[in-house]
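This report concerns only the one structure given below.
The structure presented is a predicted model; accordingly, all values stated were derived computationally and were not measured. Sequence lines set the chain letters: A, B, ... in the order given, protein chains first and strands last, and positions in each chain run from 1.
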2 protein chains.
Amino acid sequence: MLSKKTKYGLKALTYLALQSKREPVQISEIARHENIPQKFLESILLTLRKTGLLGSKKGKGGGYYLIKEPNEIPMTTVIRVLEGPIAMVPCVSLNFYEKCDDCPDENKCAVHKLMLQVRDSALEVYRKNTLADLISE
Amino acid sequence: MLSKKTKYGLKALTYLALQSKREPVQISEIARHENIPQKFLESILLTLRKTGLLGSKKGKGGGYYLIKEPNEIPMTTVIRVLEGPIAMVPCVSLNFYEKCDDCPDENKCAVHKLMLQVRDSALEVYRKNTLADLISE
DNA sequence: CTTTTACCCTATCGATTTTATAGAGTTAAC
DNA sequence: GTTAACTCTATAAAATCGATAGGGTAAAAG
C-alpha cells in the first residue's frame with residue numbers, strides 16, 4: 001500500500017509543477033488545495049527540500065518551489081525519497097540490498113525470482129514517468 | 001514491502017509444489033525446511049486452504065497438499081489471497097476499488113495516473129508467473 | 001529594531017497492522 | 001482410547017503510520 005506520505009508528497013509536487021511561475025508557494029496554500037493536513041505536509045516538504053527536489057524561502061512571501069523542471073524529475077527519485085526502496089524485498093533491492101536470514105540460496109528462492117520481475121517492471125514505469133508526464137492532460 | 005505472511009506462504013507453496021508425490025506434508029516439516037515459525041505458518045496454511053489453494057488431512061499421516069497442479073496456480077491469486085490488493089492505492093484497484101475522499105477528480109490525479117501504470121505492470125508479471133514457473137530451475 | 005510571517009526541527013501520541021505465541025478443541029489413524 | 005496432526009480463538013509484543021504540538025529561526029515590512 002502506498003503511504004499517505006508519498007501520496008501527499010506527489011500531490012504537492014504536482015501542485016508546484018502546475019504553477020505558472022516558479023515563485024514560492026506557502027505550505028498552507030498547498031495543504032488547502034490538496035486536502036492535506038498542514039503539519040503533516042510540512043514535514044514532507046521538508047524532506048523533499050533536504051533531498052534537493054525543492055527549494056524554500058523563509059519569512060513573508062516565503063514558501064516552497066521546484067528547483068528543477070518537472071521533466072527533469074523522474075519518479076524513481078520521488079518514490080525512493082518518499083516511499084523508500086522500490087523493491088518489495090531487500091534481497092532484490094538495487095539501492096538497499098540486504099540478504100534474507102532465512103534463505104540459504106537466493107537463486108533457488110521463489111520469492112526472489114518473482115520479486116525481481118516485479119521490481120524490474122515497477123522500475124520501468126517509474127523511470128519513464130517524470131513529474132511533467134503526470135501533469136500533462 | 002512484502003509481508004512475511006506472503007513470503008512464508010509462497011515458500012510453503014513452492015515446498016509443496018516440489019514434492020514428488022501429492023501426499024500430505026506436515027506443517028512442522030515445512031516450517032523446519034523453510035525456516036518459518038511454525039505457529040505462524042499454521043495460520044497461513046489455514047487461509048490458503050480456506051481459499052481453495054490447499055487441501056488438508058487431519059490426524060496421523062495428515063498434513064497439507066496442493067489441490068491443483070502448480071501450473072494452474074497464477075501468482076495473481078496467491079498474492080491477492082496473502083498480500084491483498086495488487087494495486088497500491090484503492091482508487092486503481094480492480095477487485096477492491098474505493099474512491100479517495102481527498103481527490104475531487106481521479107482523471108486529473110497524478111497519483112492515480114502513475115499507480116494505474118504500476119498496477120498494470122505488476123499485474124502482467126503476476127499473471128504470467130504460475131507456481132510452476134517459480135520452481136523451474 | 002520590533003513585529004509579523006512562514007519555514008525549521010524535535011518530540012510524542014494514538015491507532016493500526018504485523019508478527020508471533022498460547023492453548024484448548026477436533027478429527028483420523030492405529 | 002491413545003496419539004498425531006490440523007483447527008480455531010484469543011492475545012500480546014513490536015513495528016509502522018498518520019497526525020499533532022510547540023518552540024526555534026530567518027526574512028521581510030514598516
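Within the 4.0 angstrom heavy-atom criterion, no nucleotide atom of any strand lies near B/Lys7. Across all strands, A/Ile27 comes closer than 4.0 Å only to sugar-phosphate atoms, never to a base (heavy-atom distances).
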Go through B/Val118 and A/Tyr126 one step at a time and tell me if the side chain to side chain contact (heavy atoms under 4.5 Å, CB included) criterion holds. CA-CA 8 Å; B/Val118 174; A/Tyr126 290 137; 3.7 Å; yes

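Counting only distance, with no hydrogens or angles, the side chain of B/Arg119 and the backbone of B/Val92 share a donor-acceptor pair below 3.5 Å. Panel note: side chain B/Lys113, backbone A/Ser136; a donor-acceptor pair is recorded below 3.5 Å.
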Donor-acceptor pairs under 3.5 angstrom involving side-chain atoms of residues 59-77 of chain B: please list them, not counting sequence neighbours.
from	atom 1	to	atom 2	distance (Å)
B/Glu72	OE1	B/Glu69	N	3.2

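Chain A approaches DNA chain C within less than 4.0 angstrom (heavy atoms of the protein), and the contacting nucleotides run 5' to 3' from C/dT5 to C/dC9.
Listed by chain and number, the residues in a side chain to side chain donor-acceptor pair (under 3.5 Å) with B/Thr130 are B/Asp133 (sequence neighbours excluded). Taking the side chain to side chain donor-acceptor pair (under 3.5 Å) definition, one finds that B/Thr51 meets it with nothing, sequence neighbours left out.
No donor-acceptor contact under 3.5 angstrom links the side chains of A/Ser93 and A/Glu98, judged on distance only.
Note: the hydrophobic cluster containing A/Ile135 does not contain A/Leu82 (ILVMFWY, side chain heavy atoms under 4.5 Å, direct or indirect links).
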Reading 5' to 3' through nucleotides 15-30 of chain D, protein heavy-atom contacts under 4.0 Å coded B for base, S for sugar-phosphate only, - for none: ---SSBBB---SBSS-

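Inter-residue side-chain proximity for B/Arg32 and B/Ser28 is flagged as met; some heavy-atom pair is nearer than 4.5 Å.
Summarising the local packing, CD of B/Glu124 is surrounded by 12 or fewer heavy atoms from other residues, nucleotides or ligands at distances under 6.0 Å.
Heavy-atom distances under 4.0 Å link DNA chain D to no residue of residues 75-97 of chain A.
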